[in-house]
Structures are given as C-alpha cells and as structure tokens.
Amino acid sequence: MVNIGTLWQYLAVQAPLHSSMSGDALNLTKMGLTAYTLPALPYAYDALEPHISAQIMELHHSKHHQAYVANLNKALESHVAAVAASDVASQIALQQTIKFNGGGHINHSLFWKNLAPAGSEETSLEAAKGLVGAIEKTWGGFDEFKKAFSAALLGLQGSGWGWLVKEGGNGAGLRIVTTKDQDPVVGGDETIFGVDMWEHAYYLQYLNGKAAYVENIWNVINWKTAEERFQGKSEEKTEL
Amino acid sequence: MSSTLLRTVPALRGALRASGAPKAAGAMASTSFVRGKATLPDLSYDYGALEPHISGKIMELHHTKHHQTYVNGLNSALQTIAEAESKGDYTKAATVAPLLNFHGGGHINHSLFWENLAPASREGGGEPDGALKKAIDTDFGSFDTFRKQMNTALAGIQGSGWAWLVKDKSAGTLGLVTRANQDPVSGPYVPLMGIDAWEHAYYLQYENRKAEYFDAIWNVVNWKTVASRFEKS
Ligand SMILES: [Fe+2]
Ligand SMILES: [Fe+2]
C-alpha cells in the first residue's frame, strides 16, 4: 500500500521523525512508513490514445514513476539510518533527494488518477458540476479558465507541473499554480488535478509541439476525480 | 563574448550590432546576430553526422525547433525591453528579465553546445591533449575521473538543465557546474564544454535511459573546440 498521506505530511513539515523513534535496527516499517510501491494505473496503457500514446504511458509509468518510487525508498532508508546515527548533516543532505523523488511519486500518483479515457463518463464535465460552477465563478467562464491554465502550462521554463488547487482555510478559493521539477503542492492546498509538463510526458508523440499536447490533454481530464477532490471526498491522501 | 550577453542588457542592442561573432572554426560560440537580432547559427556538420551517438532526428529537431524557439524568444524579449526602455517603463522591462534569462540562456547554451560537438569520424571523441589535458589532470586527477564526475553531475540534475566544464577566471582552475533549465554560465566561470541534459536532447533515441546518452556523448565531444576556449579564457 502506498501511504501517500504520510509522505505528504513528511514533505510538508520537512522534519517528520520523532526523536523517540531513533534507536537500533530502524527501517521504514519501524518508522511507521511503508515502503512505497508503484500504484497500478486505473486503465490500460493504450486507454488514453490518441491523446497520449501507449508507448508514452508505459514508459512514463513503468520507468519514470518506478524510478521515483525506488529512489524515494532508498533515500528514506538512508534517512532512517542517519536518524539512528544522530547524523543530522546526512539527514539534511538527503532532504532534497526525498523532496524530488517523493514529489515525483506524489505528483505522478495524482496525475494518473486525474486522467481517464476520452469519451468516458469521467471525462464529461457533467461529472464535475460543483467544480465547474466554482471555476466559472472564479475565471468568468470555463473557456477562460482553460485558456489561463493552458497559458500557465506553456509558460513553464524547464520541467514542471501545472495544477488547479483549492486553497486551504476558510477562503477555499481556486487557484492555478505551477511547481518546478517534482516539487509537490504541499501546505494545505488541495490539488484538484495536475498536468505533467516534463518533456517525457509528451515528447515521443508530440516532439517539440507541446502546445498540441496541452490542447489534447483536456480530452482526458478525469472530471469525476477532480470533483471528488474539490468536494473533499477523495480518500487518496490516506488510501491511495 | 557570448557569456557576457546577459550582463550587458542596457547596451545590448548596440553591443549585439557590433559583436559580429566570427564564424571561423574554433571561434567562440557563433551566436550570430543580424542588425541586433539573434539568429540561429548553422551547424558545422550534418544532422546525421553524430550518429549513432545522437540521432539525426534529434539533432534536426533540437536545432531547427528548440534552438529556434530560444532565438525567437530572445528577440521578442529584447524587443519588449527596448520598447519599455523607450517609454521609460522600467517596471515592464524588469518583468521581462526571466524571459531574457531563459531564452537568452537557451540561445547561448545551444550555440556553445553545437560547437563543442563533432562527428566521431572527425574531431569528435578521444581525449584532450596539451595544456587542457594537463589542467584536467591537475584539477580532477585524471581525464577518467573528470568524465565520471561530469556524468555524476549530469545524472544528478533534477529536472531540465546543463552540466559544464568551466574555468574559474579568478582561481584559474577548472571545475564542474550544473545549471537549471537554461540558466547560462556566468560570474567567474568561462564555459568550456557543455552537455544538454534536457530530455529533448536524448529522449527520441534513449527514452528514460539517460545514463546511456551521457555515456555516448563522449564519443562526439570536440576537444579542439574545448581546448581553444580554454586557451582563450
Ligand atoms: Fe512525468
Ligand atoms: Fe536543448
């Protein structure tokens, strides 16, 4: 099981380990952390064609995402050992590796679930009545939102992600944010959906034509998942 | 020359006009400019000439599409800055700074990159000799150690970026630096040899196996260019 909620908190506070947990023979399990595993996709590799090719999906999931999972586990094991050894310098040195690979794991896990085969019930805006209403209220129209979100994606300089988030707290407004490399959205904001703008997400099919990728991704956004996250009914953070 | 581009922004248009970067072999990056406009430099080899280490398709897209986009973005940023300057709108000029850094850096980095590569059948590959070899041995221990350290640096880039062999002008020593995205090498560092670690540089051929690309590219490094940059630095 991927305990993504724990990882989330871990990345959010950057110092999650209790001193009471230091001691002999520590490992991820004893630290209350499960070794992370690659989640299965909720659809087949070719299910997002023609908008995202099966070849991209397979490499993206079985190679890229898998590498983030493996490197996250490795870094966490080293971190556990550094805690056990009261080696704070090593703990600090590992933080960026944990952030990068942990972020990669979180981001891709969210991404797979906020995609669905084009033409399915999930990709119909009918599945997100509450969210669409809030989007129209915020941006003055759904097309205006789409334009703003697409512009944010295409404005990224280098690798990164674009997200629609619901701000934490009482305001709970919607916002478009971008994060660089594998930085995850942390700190109380709720991710509604995200789009991977690393070149590996589209290059084999779209080459340098990333605008076409961005245009087509709208066909495979899972609005049902987005609505669940918007309504706070998603259990991904504890159960993914 | 080209590495000072971003530090001369106020005088940029004039400076670019006067720069007249020479196209002779071994010259510094042929970041060529026409009437103050950056233009895409020609490659000194065919797109297929770096095969099998870098495919012709990658080279063609990389040069005609990616590099061209940086050239266009740089010219557009410069124009916006010039217009803002003429109106005294320095706030507007300042907001363009990230675009200038990104596209200007992209143009500089790729111009340097093309010139520090060459077909394996010509100058590409092998090991440096002479003063450059001596400096690498002194500062890294050996060429092999240097190569390993550069590959480790490349593999460690989290996201898009570049790794460079640089000369530190103040210390006089060689070193390795990485830069995120298209940030150009600047400050005390003179770029001698760069490797593009963006996914577009290898993905069509190597997919996620970037370590294979980092191994293969040594077969097409143009040490003559690197030595010439070293001697001029
Ligand atoms: Fe990705
Ligand atoms: Fe590039």
Side-chain angles (χ1 to χ4, degrees), chain A residues 53-72 75 93-105 107-108 151 154-161 178-184 196-213, chain B residues 55 57-74 76-77 95-107 109-110 152 155-162 178-184 196-213:
Chain A
S53 74
Q55 191 193 10
I56 288 177
M57 289 303 293
E58 180 163 5
L59 281 165
H60 204 169
H61 179 255
S62 70
K63 303 291 184 184
H64 290 276
H65 191 168
Q66 178 61 59
Y68 293 119
V69 170
N71 291 327
L72 171 63
L94 282 162
Q95 300 229 327
Q96 182 52 34
T97 310
I98 293 169
K99 183 179 183 183
F100 180 68
N101 292 289
H105 178 42
N107 293 340
H108 286 91
L154 294 173
L156 272 161
Q157 297 180 339
S159 300
W161 291 76
T178 57
T179 58
K180 69 175 175 59
D181 304 326
Q182 292 300 354
D183 288 359
D196 190 345
M197 287 305 290
W198 281 58
E199 289 175 319
H200 66 234
Y202 61 83
Y203 209 84
L204 291 179
Q205 183 176 358
Y206 294 96
L207 307 174
N208 62 298
K210 63 180 173 180
Y213 163 68
Chain B
S55 75
K57 188 167 185 202
I58 287 178
M59 288 302 295
E60 181 165 4
L61 282 164
H62 204 168
H63 181 250
T64 64
K65 303 293 182 182
H66 291 277
H67 191 166
Q68 183 68 60
T69 300
Y70 295 119
V71 168
N72 297 347
L74 170 59
S76 151
T95 59
V96 186
L99 285 169
L100 181 64
N101 182 66
F102 183 66
H103 292 287
H107 179 42
N109 293 339
H110 285 91
T152 303
I157 292 172
Q158 297 178 336
S160 301
W162 292 75
T178 58
R179 288 289 177 271
N181 301 324
Q182 295 298 355
D183 290 351
D196 190 342
W198 281 59
E199 290 174 321
H200 66 235
Y202 60 84
Y203 209 83
L204 290 181
Q205 184 175 357
Y206 295 95
E207 300 173 344
N208 61 298
R209 305 178 310 278
K210 61 181 175 180
E212 289 178 25
Y213 159 68

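Since the model is a prediction, treat every value here as computed from it, not as a measurement. Order of the sequence lines sets the chain letters (A, B, ...), proteins ahead of strands, with each chain counted from 1.
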| B:Gln205 and B:Glu212: side-chain hydrogen bond (donor to acceptor under 3.5 Å, both in side chains), yes or no, with the steps? | CA-CA 10 Å; B:Gln205 184 175 357; B:Glu212 289 178 25; over 6 Å; no
| message | At a heavy-atom distance under 4.5 Å, which candidate from B:Lys57, B:His62, B:Gln158, B:Lys65 has the highest pair count against chain A? | response | B:Gln158
| Quick one: do the B:Asn72 and B:His103 side chains pair a donor with an acceptor below 3.5 Å? | no
| field | Under 4.5 Å from a heavy atom of chain A, the part of B:His66 involved | value | side chain
| Relative to the ring of A:His105, is the ring of A:His65 parallel (under 30°), tilted (30 to 60°) or perpendicular (over 60°)? | tilted
| message | Parallel, tilted or perpendicular: which one describes the rings of A:Phe100 and A:Tyr68, with boundaries at 30° and 60°? | response | perpendicular
| remark: chain A shares the most heavy-atom pairs under 4.5 Å, among B:Asn181, B:Thr69, B:Leu99, with B:Asn181
| query | Side chain, backbone, both or neither: which part of A:Gln182 has a non-hydrogen atom closer than 4.5 Å to chain B? | reply | neither
| said: Check the orientation of A:His200 and B:Tyr203. Use parallel for under 30°, tilted for 30 to 60°, and perpendicular for over 60°. | reply: tilted
| query | How are the rings of B:Tyr70 and B:His110 set relative to one another: parallel (under 30°), tilted (30 to 60°) or perpendicular (over 60°)? | reply | parallel
| By a 4.5 Å heavy-atom criterion (distance strictly below it), what part of A:Leu59 contacts chain B: side chain, backbone, both, or neither? | side chain
| task | Check each atom of B:Leu204 against the heavy atoms of chain A and say whether the ones under 4.5 Å are side chain, backbone, both or neither. | result | both
| request: With a 4.5 Å cut-off on heavy-atom pairs, point out which of A:Gly160, A:Gly209, A:Gly158 contacts chain B the most. | output: A:Gly158
